[in-house]
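Each remark here refers to the structure printed beneath this line.
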Amino acid sequence: MLTYIVKRLLGMIPTLLLVAAVVFLFVHMLPGDPARLAAGPEADEQTVELVRRELGLDLPLPQQFVRYFGNMLQGDLGVSLRSKRPVSTEIADRFVPTLLLTLTSMVWSVLFGMIIGVASAVWRNRWPDRLGMTLAVSGISFPAFALGMMLMQIFSVNLGWLPTVGASSWKHYVLPSITLGAAVAAVMARFTRSSFVEVIQEDFVRTARAKGLAESLVITKHTLRNALIPVVTMMGLQFGFLLGGSIVVETVFSWPGLGRLLVDAVTQRDYPVIQGLVLLFSLEFIVINLVVDVLYGVINPSIRYK
């Protein structure tokens with residue numbers, strides 16, 4: 001297992017380098033002049049040129065890439081063109097709010113999604129199944145920004161129960177986490193149901209029932225563990241999606257996280273911040289996939305990695 005983990009970690013390096021190259025070329029294709037934005041709308045051309053030289057944007061693109069690549073290998077992601085602060089500091093300040101929001105959304109969405117999925121599989125083709133799948137389809141189909149605005153209108157504007165802006169108390173997490181996790185809960189419900197329906201028809205489940213075991217024991221001990229492997233795969237992918245895909249939700253709720261930082265960076269053509277965030281999101285997906293693979297062996301001891 002340790003050898004497998006080390007190989008996977010080493011395999012991350014060329015992937016991240018390739019992502020860095022693609023993102024560098026992509027951000028330099030964005031329209032707009034970052035030097036003009038950094039200098040301000042009132043600056044003359046001479047000032048803009050001075051800013052461009054100061055930021056290194058006057059160099060040929062290959063030379064800019066070599067400089068960026070060399071600094072990145074030394075752990076230096078550059079300096080924000082907008083705030084003049086190190087990119088690592090900008091990301092670190094916004095990472096915790098996004099992580100806490102993601103964890104909150106993931107906990108409730110996985111819990112409710114698996115409960116709905118198991119109930120739908122156990123009472124397949126009956127009213128619990130129809131109700132659960134109706135809720136799942138609704139959660140997938142409803143746009144996140146529309147759901148967020150509807151929740152704000154009901155619980156903040158009309159009822160005045162929950163705040164809409166900020167991240168200073170647990171109440172600030174309620175509406176954004178529901179908005180962010182609704183689609184994940186729906187996906188988890190459908191995926192859990194599909195996995196359970198497949199496993200519950202296996203011979204070992206029928207054997208357990210033939211032995212006279214209680215239905216609750218058959219479901220929790222025999223079916224649940226064997227149905228969890230594909231569910232854990234989807235859980236890992238959805239967690240990565242939440243970490244990197246919270247842009248819309250953070251914008252709607254003015255959440256001080258990485259999604260909002262990325263939107264501001266794209267608006268201001270802040271190349272170093274954009275590149276740093278995309279690298280971080282890529283690293284998150286790679287690490288999450290590794291954790292999911294390791295969890296396979298925990299859930300099912302018969303799985304061995306070489």
Side-chain angles (χ1 to χ4, degrees), residues 3-96 98-99 240-241 243-247 250 256-291:
T3 303
Y4 171 78
I5 294 175
V6 172
K7 288 181 179 179
R8 287 289 300 270
L9 290 175
L10 293 176
M12 291 166 51
I13 298 176
T15 302
L16 290 175
L17 295 179
L18 179 60
V19 170
V22 172
V23 172
F24 178 87
L25 295 175
F26 171 74
V27 297
H28 282 78
M29 294 172 60
L30 293 175
D33 186 357
R36 166 63 66 180
L37 294 173
E42 304 297 330
D44 55 22
E45 287 301 322
Q46 185 177 3
T47 303
V48 173
E49 287 301 322
L50 289 174
V51 172
R52 184 174 286 109
R53 283 198 296 270
E54 179 184 353
L55 299 176
L57 298 175
D58 60 323
L59 300 174
L61 194 60
Q63 194 170 342
Q64 291 185 46
F65 177 72
V66 171
R67 173 186 288 185
Y68 169 74
F69 207 74
N71 292 336
M72 185 189 68
L73 293 178
Q74 299 175 21
D76 182 10
L77 297 177
V79 177
S80 170
L81 305 182
R82 178 174 53 89
S83 65
K84 310 302 181 186
R85 301 172 65 200
V87 172
S88 56
T89 302
E90 289 277 353
I91 293 177
D93 290 345
R94 302 289 192 99
F95 182 75
V96 173
T98 294
L99 179 62
F241 163 76
L243 272 175
S246 59
I247 298 173
E250 291 189 3
L258 296 178
R260 183 71 181 276
L261 178 62
L262 181 59
V263 172
D264 294 340
V266 172
T267 303
Q268 298 292 328
R269 303 299 185 269
D270 198 340
Y271 294 165
V273 174
I274 298 173
Q275 293 165 171
L277 286 173
V278 174
L279 279 177
L280 176 63
F281 293 150
S282 303
L283 178 62
E284 289 169 352
F285 270 101
I286 294 172
V287 172
I288 288 170
N289 286 332
L290 174 60
V291 173

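- Not counting sequence neighbours, the partners of Val263 by the side-chain contact (heavy atoms from CB on, under 4.5 Å) test are Ile247, Thr251, Thr267.
- Remark: Pro62 engages Pro60 in a side-chain contact (heavy atoms from CB on, under 4.5 Å) (not counting sequence neighbours).
- For the pair Ser282 and Val19, the tightest heavy-atom approach, listed with the atom from each and the gap, is OG-CG1, 3.3 Å.
- A distance of 12.0 Å separates CG of Leu77 from CD of Glu90, quoted to the nearest 0.5 Å.
- Here the straight-line distance linking atom CG of Asp264 with atom CD1 of Ile274 works out to 10.5 Å at 0.5 Å rounding.
- Partner of Arg94 under the side-chain contact (heavy atoms from CB on, under 4.5 Å) criterion, out of Leu262, Leu277, Leu258: Leu258 alone.
- Taking OG of Ser80 as the start and CD1 of Ile91 as the end, the distance is 10.0 Å to the nearest 0.5 Å.
- Scored by the side chain to side chain donor-acceptor pair (under 3.5 Å) test, Arg85 finds Asp93 as partners (sequence neighbours excluded).
- Residues Val87 and Pro272 come closest through the heavy atom pair CG2-CB, 3.6 Å.
- Of the candidates Val273, Asp270, Val266, Thr98, Leu261 forms a side-chain contact (heavy atoms from CB on, under 4.5 Å) with just one, namely Val273.
- The minimum heavy-atom distance between Gly259 and Glu250, with the atom names listed, is N-OE1, 2.7 Å.
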